[in-house]
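Below, read A as the first sequence line, B as the second, and so on, with proteins coming before strands; counting in each chain starts at 1.
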There are 4 protein chains.
Amino acid sequence: MKKLHIPSMVKNNQKIQKRRNQILEASIQPFKQKGFHRTTTREIAENAGMSFGAIYEYVESKEDILYLFFESLYDQLNTILKSRVSDQFKGHDRIRSFVKEYFHVINEIWDETSIMYSESRSLPKPYLEYVLSKENDFVQYVMSIFSKALKEEKISLSEDDIYLLTHNIIVQGHMWAFRGWALRKRYTLEKYIDIQSKTIIGSILALTE
Amino acid sequence: MKKLHIPSMVKNNQKIQKRRNQILEASIQPFKQKGFHRTTTREIAENAGMSFGAIYEYVESKEDILYLFFESLYDQLNTILKSRVSDQFKGHDRIRSFVKEYFHVINEIWDETSIMYSESRSLPKPYLEYVLSKENDFVQYVMSIFSKALKEEKISLSEDDIYLLTHNIIVQGHMWAFRGWALRKRYTLEKYIDIQSKTIIGSILALTE
Amino acid sequence: MKKLHIPSMVKNNQKIQKRRNQILEASIQPFKQKGFHRTTTREIAENAGMSFGAIYEYVESKEDILYLFFESLYDQLNTILKSRVSDQFKGHDRIRSFVKEYFHVINEIWDETSIMYSESRSLPKPYLEYVLSKENDFVQYVMSIFSKALKEEKISLSEDDIYLLTHNIIVQGHMWAFRGWALRKRYTLEKYIDIQSKTIIGSILALTE
Amino acid sequence: MKKLHIPSMVKNNQKIQKRRNQILEASIQPFKQKGFHRTTTREIAENAGMSFGAIYEYVESKEDILYLFFESLYDQLNTILKSRVSDQFKGHDRIRSFVKEYFHVINEIWDETSIMYSESRSLPKPYLEYVLSKENDFVQYVMSIFSKALKEEKISLSEDDIYLLTHNIIVQGHMWAFRGWALRKRYTLEKYIDIQSKTIIGSILALTE
DNA sequence: GATGAATGAGCCTTCATTCAT
DNA sequence: CATGAATGAAGGCTCATTCAT
């Protein structure tokens with residue numbers, strides 16, 4: 001599914017990019033703290049260092065901002081991940097390596113991930129569809145890596161098992177963000193990665209026989 | 001942490017209980033569909049079959065409703081779970097049995113669980129603290145069961161491992177609700193319970209040596 | 001064409017009637033002075049002696065007010081006219097008598113008539129259709145009186161001539177309102193009626209041979 | 001009353017003339033369709049093929065455009081009329097001839113005439129005065145022609161009668177524009193001119209004895 | 001002179017909450 | 001206790017106007 005086109009009053013594409021980034025960055029803090037609905041456009045504008053009239057040069061509605069937020073979130077996730085995930089590891093190591101990189105990214109876009117969980121319901125219908133399709137794409141991507149690793153280990157699991165394990169991995173990543181209030185007290189990211197890698201490998205073995 | 005006291009204009013405690021339940025039940029649908037903020041008090045009143053003035057006889061603000069919602073959610077979770085979780089299974093079976101009961105409850109309060117994820121940020125600070133304490137209590141409760149099972153299996157894991165496995169279990173339950181859009185297409189609840197039970201046992205084994 | 005239904009939050013029909021009248025009365029002055037667009041809802045509310053939130057209990061949008069304004073205008077025109085136009089005069093006297101009554105009504109709803117001319121373009125499409133249909137009804141009504149009078153005089157004119165004379169009469173009425181700035185300086189209403197009655201009778205005769 | 005001076009940033013008078021005409025032409029369509037207030041300066045600029053900053057080089061405010069619109073309307077009316085109205089007809093024929101030319105002009109500036117009726121209230125006070133003075137001038141002009149014709153017919157009417165007949169003629173012209181929705185269905189311009197000429201002559205006769 | 005991004009006053013509308021009945 | 005009309009703070013958005021380039 002292609003990105004939805006959010007019209008802008010401004011022609012210059014570079015400026016649009018730059019300004020929208022400003023807007024997004026300015027949104028994260030208040031979205032995280034008070035949620036989308038309690039965040040005012042005036043507030044976003046102020047945070048972004050622009051007049052609130054300016055926002056509407058780059059966006060048609062407050063909901064557009066939320067959409068752009070999600071879009072950017074998936075962009076970051078994909079871009080960063082693809083740049084870091086290497087092909088040099090095989091089998092379980094491929095999984096360990098992926099988990100490590102993935103959890104690291106989540107740790108970097110921690111706030112955004114939390115917001116994702118609370119605010120997807122605030123998205124208007126067509127936008128929500130886009131986001132779900134992106135999430136699906138991501139599931140497919142993780143699943144492909146996962147399957148490759150299993151093949152390398154000569155492990156054969158049912159599609160259903162693989163699919164669920166994939167969701168488990170993804171959600172364990174998110175968990176680091178949305179349960180941060182509990183987990184960060186006890187674990188460093190490295191420790192968290194270490195344990196969860198083991199649970200994942202353990203899960204695979206448990207499903208194999 | 002004790003329940004917060006939500007003042008009411010009405011004295012009769014039974015009536016308060018009854019009316020507040022009406023209000024809560026009336027809230028679930030719109031909260032699920034459009035979220036807390038887009039749901040109006042008028043709508044809740046209408047759904048609850050009372051005048052919208054009446055709501056304010058039993059609640060001091062819209063946020064109170066959300067708080068009562070969370071309170072009731074944890075009450076249900078605890079009450080139902082405690083009534084169903086039996087002590088007759090030992091070891092891994094204790095875990096399997098608990099997971100089964102827990103996931104069943106989640107399946108019954110599916111909507112509420114989803115709402116919990118989207119709307120916790122909508123709670124005013126003091127309320128949020130209560131909710132987090134409730135969540136902590138629940139973690140402790142699950143952990144106690146889990147520990148007992150491990151002891152019965154003579155498995156000794158570090159507190160850190162146990163704690164994380166506990167969170168994993170809890171989140172896997174929530175997942176059934178908040179990832180329902182993907183999971184329900186592929187799994188029945190029974191199937192989901194079956195696979196996840198295995199991944200959990202697998203995780204335990206992986207963390208043991 | 002039946003009146004369009006403008007929903008109201010309030011149930012009590014009598015109250016709706018009363019409040020809407022307040023709103024309409026409060027609108028005339030500012031609409032006349034500055035036009036619909038420059039008139040703010042706050043201003044209307046203030047003039048009407050109610051809070052501006054109250055307005056939205058009785059109306060769904062500012063445009064609704066304008067619609068109600070037109071509706072009321074035609075209602076008044078029809079009601080007053082029908083109560084005053086008598087059947088006791090025949091022929092030219094019927095016309096003279098009608099013109100007199102009609103122009104008197106216009107004189108009483110002077111401001112409203114002027115507003116009608118400036119603001120019909122401000123009406124949303126479906127409302128505009130209603131207004132045009134009302135205007136058509138009025139044309140038909142005047143034409144019927146006019147035709148009766150001609151028959152009584154045994155004058156036979158083509159439909160086209162009658163139709164145009166009807167429009168002329170109607171517009172001459174409006175003129176008293178929208179050209180008031182010029183006409184009132186020179187003519188009393190009685191004088192205006194007197195001259196225009198003659199021009200109308202003269203027009204009839206000129207079209208007859 | 002002399003034309004009001006609308007300041008411009010630009011010196012070159014010819015350019016001002018050209019650009020302002022562009023602006024005016026670009027305004028007619030949207031003014032007609034949606035009215036002055038709903039028409040945005042951006043829209044006008046776009047229609048005029050210039051940047052919307054440019055407008056403010058030739059005009060100081062949006063209202064100025066409306067003023068220029070009225071000014072141009074009267075200019076056109078006068079210019080065209082004076083070029084066409086000939087002195088070769090005498091008496092009633094002078095009237096018939098004038099009516100014909102006048103109604104033809106109205107037919108050509110149909111849209112502008114309609115706009116005049118809806119938007120005069122949108123003009124700021126001092127501008128409105130100018131417009132009324134222009135309208136007065138036009139009344140005087142028509143009255144002079146009319147008087148001449150009456151003199152040629154040796155008909156003597158009171159000033160009051162003449163003045164009102166003049167207004168009638170003028171408004172019958174406008175009517176062709178602002179009641180076009182009803183009249184055009186039934187009459188060609190020629191037919192309309194034909195009937196109205198008769199009603200006017202008839203009116204004169206009726207006022208003579 | 002022209003451009004078009006930026007500004008921010010101002011407006012409509014919503015909706016939680018109050019309070020007279 | 002219940003009702004529902006009234007209140008008005010607050011927020012999203014528009015758009016005329018300015019001004020740096």
Side-chain angles (χ1 to χ4, degrees), chain A residues 8-12 15-16 18-19 37-45 49-65, chain B residues 8-12 15-16 19 37-46 49-65, chain C residues 8-12 15-16 18-19 37-45 49-65, chain D residues 8-12 15-16 19 37-46 49-65:
Chain A
S8 163
M9 302 251 71
V10 175
K11 307 288 151 100
N12 185 328
K15 182 148 240 175
I16 294 181
K18 194 183 132 210
R19 288 300 216 178
H37 281 103
R38 280 204 228 282
T39 301
T40 67
T41 51
R42 279 167 171 79
E43 204 174 350
I44 294 174
M50 53 177 102
S51 73
F52 69 85
I55 285 191
Y56 286 88
E57 299 274 317
Y58 298 97
V59 127
E60 285 190 320
S61 73
K62 199 185 165 194
E63 269 86 14
D64 281 357
I65 298 178
Chain B
S8 163
M9 303 254 70
V10 176
K11 300 293 142 204
N12 184 331
K15 184 147 231 177
I16 294 181
R19 288 298 218 179
H37 282 103
R38 286 203 224 280
T39 300
T40 66
T41 51
R42 279 174 149 75
E43 203 174 350
I44 293 173
E46 215 161 315
M50 53 178 97
S51 75
F52 50 86
I55 285 191
Y56 285 86
E57 305 271 324
Y58 300 97
V59 128
E60 283 191 320
S61 73
K62 198 185 166 194
E63 269 84 13
D64 282 357
I65 299 178
Chain C
S8 163
M9 302 252 71
V10 175
K11 307 287 152 99
N12 184 328
K15 183 148 241 176
I16 294 180
K18 194 184 132 210
R19 287 300 216 177
H37 282 102
R38 281 203 226 279
T39 301
T40 66
T41 50
R42 277 167 169 76
E43 204 174 350
I44 293 174
M50 54 177 101
S51 73
F52 64 83
I55 286 192
Y56 286 87
E57 299 275 317
Y58 298 97
V59 127
E60 285 191 319
S61 73
K62 199 185 164 195
E63 269 86 13
D64 281 357
I65 299 179
Chain D
S8 162
M9 303 254 71
V10 177
K11 300 294 143 202
N12 183 331
K15 183 146 232 176
I16 295 181
R19 289 299 218 177
H37 281 102
R38 284 204 226 277
T39 300
T40 66
T41 51
R42 278 174 148 75
E43 204 173 350
I44 294 173
E46 215 160 315
M50 55 177 97
S51 75
F52 52 85
I55 285 191
Y56 286 86
E57 305 270 324
Y58 299 97
V59 126
E60 284 191 319
S61 75
K62 198 185 166 195
E63 269 85 13
D64 282 357
I65 299 178

N/O (side chain, C:Tyr58) to phosphate O (OP1/OP2, F:dA5) under 4.0 Å: no

For E:dA6, does either OP1 or OP2 sit under 4.0 Å from a side-chain N or O belonging to A:Lys15? yes

Rounding to a whole Å, what distance do you find between C:Asn12:CG and F:dA5:P? 7 Å

Given atom CE of A:Met9 and atom P of F:dC13, what is their separation to the nearest angstrom? 14 Å

To the nearest 0.5 Å, what is the distance between NZ (A:Lys62) and CD1 (A:Ile55)? 10.5 Å

By side chain to side chain contact (heavy atoms under 4.5 Å, CB included), which residues pair with B:Phe52, not counting sequence neighbours? B:Arg42, B:Ala45

B:Lys15 meets the side chain to side chain contact (heavy atoms under 4.5 Å, CB included) criterion, sequence neighbours left out, with B:Asn12, B:Arg19, B:Tyr58

Could you list the residues that satisfy side chain to side chain donor-acceptor pair (under 3.5 Å) with [X], not counting sequence neighbours?
| X | value |
| --- | --- |
| B:Glu43 | B:Lys34 |
| D:Glu46 | none |
| A:Glu63 | none |

How does protein contact run along nucleotides 13-21 of chain E, one letter per nucleotide 5' to 3', with B for base contact, S for sugar-phosphate only, - for none, heavy atoms under 4.0 Å? BBSBBB---

With both pairing distances under 3.5 angstrom for Watson-Crick or G-U wobble, and | for a partner in another strand, the correct string for DNA chain E is .||||||||||||||||||||

Can you name the one residue among D:Ile16, D:Asp64, D:Ile44 that meets side-chain contact (heavy atoms from CB on, under 4.5 Å) with D:Val59? D:Asp64

For D:Glu57, what residues pass the salt bridge (charged side-chain N to carboxylate O under 4.0 Å, His left out) criterion, not counting sequence neighbours? none

When B:Lys11 and C:Ile55 are each assigned the nearest nucleotide of DNA chain F, the 5'-most assignment goes to B:Lys11

